[in-house]
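Encoded as structure tokens, the structure appears first; notes follow it.
Sequence lines set the chain letters: A, B, ... in the order given, protein chains first and strands last, and positions in each chain run from 1.
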Amino acid sequence: MPPQRFWLMKSEPETFGFDDLVRDGRTMWDGVRNYQARNLLRDEVGEGDRVLFYHSSADPPGVAGVAEVVRAAYPDPTQFDPEDPHHDPESGRADPRWVAVDLAPVQKLKRFVGLPELRANPRLKDLALLRRGNRLSVQPVTAAEFREVLKMGDKGPG
DNA sequence: GCCAACGTTGGC
DNA sequence: GCCAACGTTGGC
């Protein structure tokens with residue numbers, strides 16, 4: 001078994017938030033249409049990896065919980081569906097362009113860790129999420145960064 | 001609603 | 001291969 005790795009994945013809570021993941025028990029994390037993110041999903045993200053579930057375009061934005069990758073990359077079915085907003089008419093079933101993974105909830109953080117708080121933590125200064133202009137919907141997180149965010153979410157600020 | 005940042009597209 | 005135009009992301 002490959003070593004467990006750590007990621008941050010974004011979701012818009014108005015569409016699908018961490019509480020929805022807890023309710024459903026499992027979800028297909030789909031709709032990635034960026035090549036850099038696709039390559040990470042396809043080549044690097046593996047079953048058993050741990051995920052910081054980040055609420056983007058949200059009020060407030062931040063990390064809501066921890067998820068686990070329960071199925072590694074497979075063809076994202078939404079790319080073939082003409083009714084789906086993520087439909088890609090140029091992707092064919094013989095050579096699918098986009099992939100999805102499945103996630104399951106591990107734990108909701110005791111306390112939501114908002115973006116300003118992440119920014120304020122010097123231990124997270126290299127977090128990919130905080131780099132200027134970053135828009136990737138899946139990003140690598142180091143084990144130390146992952147632990148740090150969990151720690152922040154386990155108790156009060158400061 | 002605004003706008004900065006970034007990716008993609010397409011004319012040349 | 002360059003680069004302007006355009007679309008999207010996402011915080012504020």
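The side chain to side chain donor-acceptor pair (under 3.5 Å) check on A:N121 picks up A:E148, with sequence neighbours excluded. Taking A:K110 as the reference, A:D154 meet the side chain to side chain contact (heavy atoms under 4.5 Å, CB included) condition, with sequence neighbours excluded. For A:E90, the side chain to side chain contact (heavy atoms under 4.5 Å, CB included) test picks out A:D88, A:R97, with sequence neighbours left out. Taking A:A104 as the reference, A:V70 meet the side chain to side chain contact (heavy atoms under 4.5 Å, CB included) condition, with sequence neighbours excluded. Taking A:A58 as the reference, A:P13, A:H55 meet the side chain to side chain contact (heavy atoms under 4.5 Å, CB included) condition, with sequence neighbours excluded. Taking the ring-ring contact (aromatic ring centres under 6.0 Å, His included) definition, one finds that A:F80 meets it with nothing, sequence neighbours left out.
Scanning residues 123-136 of chain A for heavy-atom distances under 4.0 Å to DNA chain B yields A:R132, A:G133, A:R135. For DNA chain B, none of the residues of residues 52-67 of chain A falls under the heavy-atom distance limit of 4.0 Å. Shown for residues 92-101 of chain A: no residue has heavy atoms falling under 4.0 angstrom of DNA chain B.
With hydrogens and angles ignored, the 3.5 Å screen pairs a side-chain donor or acceptor of A:W29 with a backbone N or O of A:K10.
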Tell me which donor-acceptor pairs under 3.5 Å the side chains of residues 21-28 of chain A have, and how far apart each pair is, sequence neighbours excluded?
residue, atom, partner, partner atom, Å
A:R23, NH1, A:D20, OD1, 3.0
A:R26, NE, A:D102, OD2, 3.4
A:R26, NH2, A:D102, OD2, 3.0

Determine all donor-acceptor pairs shorter than 3.5 Å in which one atom belongs to a side chain in residues 123-142 of chain A; sequence neighbours excluded.
residue, atom, partner, partner atom, Å
A:N134, OD1, A:L136, N, 3.3
A:N134, OD1, A:Q139, NE2, 3.4
A:Q139, OE1, A:L129, N, 2.9
A:Q139, NE2, A:L136, O, 3.0
A:T142, OG1, A:E145, N, 3.0
A:T142, OG1, A:E145, OE1, 3.3

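Crowding of A:Q4 atom CD: a count of heavy atoms from other residues, nucleotides or ligands under 6.0 Å exceeding 12.
Note that the first and last nucleotides of DNA chain B, 5' to 3', having any atom under 4.0 angstrom from a heavy atom of chain A are B:dA5 to B:dT8.
Between A:R33 and A:T78, the side chains place a donor N or O and an acceptor N or O closer than 3.5 Å (distance only, hydrogens not considered).
Separation of the A:Y35 and A:W98 ring centroids falls under the 6.0 Å cut-off.
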